[in-house]
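Structure first, commentary second.
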Amino acid sequence: MSKQLTRSARKRFGQNFLVDDRVIEAILASIRASAADAIVEIGPGHGAITEGLYASQCDLTLIELDRNLVPGLLASFVSKTPGRCRLLNEDVLKVDFGQFSSPLRIVGNLPYNISTPLLFKLLELGDQIQDIHVMLQKEVVNRIAAVPGESAYGRLGVMIQATASVEPLIEVPPESFAPPPKVDSGVIRIIPCARKRSLIASMQTLTHVVRQAFSQRRKTLRNNLKDILTSEEFEVLGINPQDRPERLSVQTYVELCNYLDRKERNI
Ligand code: SAM
């Protein structure tokens with residue numbers, strides 16, 4: 001079976017199919033799907049995770065780009081219970097999530113090339129998303145969950161942790177997939193948090209200030225933020241201009257964003 005999956009895998013769709021039952025069970029155990037859930041699975045592939053989700057009797061939407069996989073998914077799931085299971089043969093980045101009922105639970109063993117833009121797209125939906133369980137490159141999981149001072153701490157972690165809580169769940173070695181990817185993977189749970197989101201005056205400003213702050217990791221904040229903050233403003237905000245960007249907490253980035261937003265609006 002593994003050999004067959006490896007032969008049929010299409011590289012351009014980032015296809016590494018899960019073949020490790022223990023990992024599949026661990027993912028399903030962490031999701032704990034139930035009949036009350038509305039779940040969207042991104043990239044179901046040959047249905048490794050889909051089977052367990054489907055068995056929970058949840059309302060299930062499958063989004064799969066590869067049309068070669070469509071007949072199998074229709075036969076195994078959609079055509080059996082079209083009322084509670086549907087398939088979109090589309091690029092998930094182009095799908096309008098407004099069409100789905102909410103709150104939505106998102107599940108996916110994601111193709112690595114779309115994981116970051118997809119997470120940002122999902123987090124923009126705020127309250128519409130109940131939680132997200134995704135398999136990513138382990139290095140990306142580490143960056144999302146990194147804390148200040150760690151080398152993995154950067155833009156991705158700050159932006160996601162500013163609006164959501166994150167929890168790495170399972171480490172997955174290459175042998176769990178066919179074909180095996182070149183790197184380790186990991187499953188992470190991300191729960192969007194309306195309270196955190198409400199504390200941010202402008203996502204646009206936060207995006208801008210975090211991008212600027214981390215534009216040159218080895219340089220000081222004074223250097224990276226010189227077009228945005230004066231020495232006096234560093235002092236008023238209680239930020240040491242000699243610090244490197246990875247020293248500031250997520251909360252401090254949010255405070256900085258809100259200060260700049262007030263300044264821009266002359267409040
Ligand atoms: N869930 C399956 C598993 O765990 O065995 C397959 C995972 S494989 C890493 C990624 C899946 O996402 C593939 O089925 C691939 O065709 C699909 N895919 C790739 N790009 C996609 C996109 N932009 N939108 C939707 N699905 C996509």
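As the structure lists them, so they are numbered: ligands from 1, and atoms in each ligand from 1. Hydrogens, waters and symmetry mates are skipped; everything else that's a heavy atom, side chains included, is used.
- Checked by distance only, ligand 1 and Gln15 come closer than 3.5 Å through their nitrogen or oxygen atoms.
- Residue contacts with ligand 1 for Glu41 involve side-chain atoms from C-beta outward but no N, CA, C or O (heavy atoms, distance under 4.0 Å).
- Distances below 4.0 Å separate heavy atoms of Asn16 from the following atoms of ligand 1: 7 (C), 8 (S), 9 (C).
- The protein non-hydrogen atom at the shortest distance from atom 10 (C) of ligand 1 is Asn109 O, 3.4 Å.
- Taking only non-hydrogen atoms, the option from Leu65, Asn68, Asn113, Leu73 nearest to atom 25 (C) of ligand 1 is Leu65.
- For Thr50, no heavy-atom contact with ligand 1 is shorter than 4.0 Å.
- The nearest heavy-atom contact from the protein to atom 5 (O) of ligand 1 is Leu18 N, 2.8 Å.
- Among Gly43, Ser176, Ala178, the residue whose heavy atom sits closest to atom 11 (C) of ligand 1 is Gly43.
- Taking all heavy atoms of Leu110, Val92, Val95 into account, the minimum distance to atom 24 (N) of ligand 1 is reached by Val92.
- Regarding atom 18 (N) of ligand 1, its nearest protein heavy-atom neighbour is Pro111 CG, 3.7 Å.
- Put simply, part of Glu64 is less than 4.0 Å from ligand 1, judged by heavy atoms.
- Heavy atoms of Ile114 found under 4.0 angstrom from ligand 1 belong exclusively to the side chain.
- The closest approach between any non-hydrogen atom of Glu90 and ligand 1 is below 4.0 Å.
- Around the CD atom of Glu171, the shell of radius 6.0 Å holds no more than 12 heavy atoms that belong to other residues, nucleotides or ligands.
- Side-chain contact check for Gln242 and Thr220: no donor-acceptor pair (N or O, by modelled atom type) lies under 3.5 Å.
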